[in-house]
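Just so we're on the same page: letters track the sequence lines, and every chain starts at 1. The figures here come from the full heavy-atom set of this structure, side chains too, leaving out hydrogens, waters and symmetry mates.
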Amino acid sequence: MVWNGKLEKVDDNRWLISRDQFPGMRTDAVIYSNDRLIGNVLNDNSPQQAANVACLPGIVGNSMAMPDIHWGYGFPIGGVAAVDAYQGSISPGGIGFDINCGVRLIKTDLTLEDIDGKVKDLMDELYRNIPSGLGSKGLTKVGQKDLSEILDIGSEWAVENGYGWEKDLEVTEEGGHMKDADQTGVGEKSRKRGLPELGSLGSGNHFLELDVVDDVFDERTAKAYGLKKGCITVTVHCGSRGCGHQIATDYLQKMEHYMKTEKVDLPDRQLACAPLSSRLGEEYYRAMCCGANYAWANRQMITHWTRESFEKVLGDSAESMGMDVVYDVAHNIAKMESHDVEGHREDVLVHRKGATRAFAPGRSEITMKYRDYGQPVLIPGDMSTGTYVLAGRQGAMKETFGSTCHGAGRQMSRKTAIENLNIETVRKKMADQGIYLRAGSDEGVLEEAPDAYKDVSEIIEVVCNAGLTAKVAKLTPIGVVKG
DNA sequence: ATGTGC
């Protein structure tokens, strides 16, 4: 479906859907995009979803969408919406099915020369040690008691149990532990699905990527983040697996029912929400925090196995190879934060669905060693183009509740990609670019083919030109593990 | 995204 409403161009990076266009809009919707990308946006009618979000009870500031916007459940993917922490509503559709889907970057002090002739071994070892694919199960079995701790304290459980280093926690958003977690609202089914899957990558757009730091745009910040031109890095993209998916499913159902009984009038039932002050709203928020904690424990375990894989293939210790975590970001989550709204400080819940926190220098949430440089922001592109490292900027604090984009953004549906793209062509493109690909299925590769995505560089230009973030480094892939 | 389904 194509958007046929009114979209006003504000400037080279911003487009506006005015609140007077649809009844029920409480505020304007702003889409960050440029002349080239906006054509894609109009194709899937996702502007309508950005307009619908402006109807959310208690919304503060604009409904916003990042340049990687595309059609999602209720909210667009790439959507940002803040609601009043006391009067506002929380919506599972504004967070996404994969609660705390996110990206982690691990650096090394190794260069291409150090792994010469061993890239294939390294990728094969990573593929063996980190289960991936649909329905993949973790190699370590954890019990109900462990799961309870994981839902409560996230990454801290992983580090306490030997998966990684204490200092990994400082460079994970929230320290890898959402303090508001309460698992009384996490259903039996979520626990049952989560138990065997812990420590696995999953499928879809989830991946593990071996990269080389190819470009450094900001030497000073790159140095603070531990990144040097020519160094090898590992990027991990995954989430909360069936555990978070089930939490989202359970509460969407409960909230759809709530909307009917309370007669809440919204333009799309997929916008189902509940007041933060209601029992249901609070229960979902606290259960969502548990899903987020699960995802952080998951990425922390994968970090541990990544280090072990390097140790085995290269015969050196992870410490001496300098395998520190650079940062870990969540891009499907809602967070309680305080922001300046029309000149005064306000407590808000910021929904980021396919959007990344991008706090500017100085914010207390940023770990001390990065505070003067801005929060690291990790933006993966498609499997052939690699990952950008950005830093949060003041524009994000002023306009987007400290948020930016999360990736390249699809330009083709999964179905369209499978039907129209050719597996041999995709594999050849990867090989020609010198990228070793280990994937579980041809269908998975087709769904995630480079042509199914927008050009991530173009997305990055928009968020940087708009002043939300600044470029720090570009990582180019040499190996990819796909689910 | 997902034991791809009310």
Practice task
Assess A:R307 against A:F310: is NZ or CZ under 6.0 Å from the centre of the six-membered ring, and within 45 degrees of the ring's axis?
Solution key: no
Practice task
Measure from NZ on A:K415 to P on B:dG5 and round the result to the nearest Å.
Solution key: 14 Å
Practice task
Classify the nucleic acid contact of A:K353 as base, sugar-phosphate or nothing, counting any heavy atom under 4.0 Å across all strands shown.
Solution key: nothing
Exercise for the section: Quick one: which residue pairs count as a side chain to side chain donor-acceptor pair (under 3.5 Å) with a foot in residues 268-278 of chain A, not counting sequence neighbours? Expected result: A:E256-A:R269
Practice task
Rounded off to whole Å, could you give me the NZ-to-P distance for the A:K192 and B:dT2 pair?
Solution key: 18 Å
Practice task
Would you check if A:T235 and A:L208 make a side-chain contact, meaning some heavy-atom pair closer than 4.5 Å?
Solution key: no
Fill in the blank from the handout: Here the distance between atom C1' of B:dT2 and atom CD1 of A:I77, to the nearest Å, is 13 Å
Problem - Between B:dT4 (P) and A:H206 (NE2): distance, integer Å - result: 16 Å
Exercise for the section: Give the rounded distance in Å between these two atoms: OH of A:Y251 and C1' of B:dT2. Expected result: 19 Å
Practice task
May I ask you to say what A:E197 touches in the nucleic acid, namely base, sugar-phosphate or nothing, with a heavy-atom cut-off under 4.0 Å?
Solution key: sugar-phosphate
Handout entry: Side-chain N,O (A:R414) to OP1/OP2 (B:dT4) below 4.0 Å
Key = no
Exercise for the section: Respond yes when some side-chain nitrogen or oxygen of A:S203 is under 4.0 Å from OP1 or OP2 of B:dT2, and no when none is. Expected result: yes
Practice task
Kindly write out the residues that satisfy salt bridge (Lys or Arg N to Asp or Glu O under 4.0 Å) with A:E209, not counting sequence neighbours, or none if the list is empty.
Solution key: none
Problem - Rounded distance in Å - CZ (A:F97) to P (B:dG5) - result: 10 Å
Practice task
With DNA chain B as reference, determine whether A:E443 or A:G204 sits nearer its 5' end, using the nearest nucleotide of each.
Solution key: A:G204
Problem - Separation of atom CG in A:L252 from atom P in B:dT2, rounded to whole Å - result: 16 Å
Problem - A:H245 NE2 to B:dG5 P, straight-line distance once rounded to whole Å - result: 8 Å
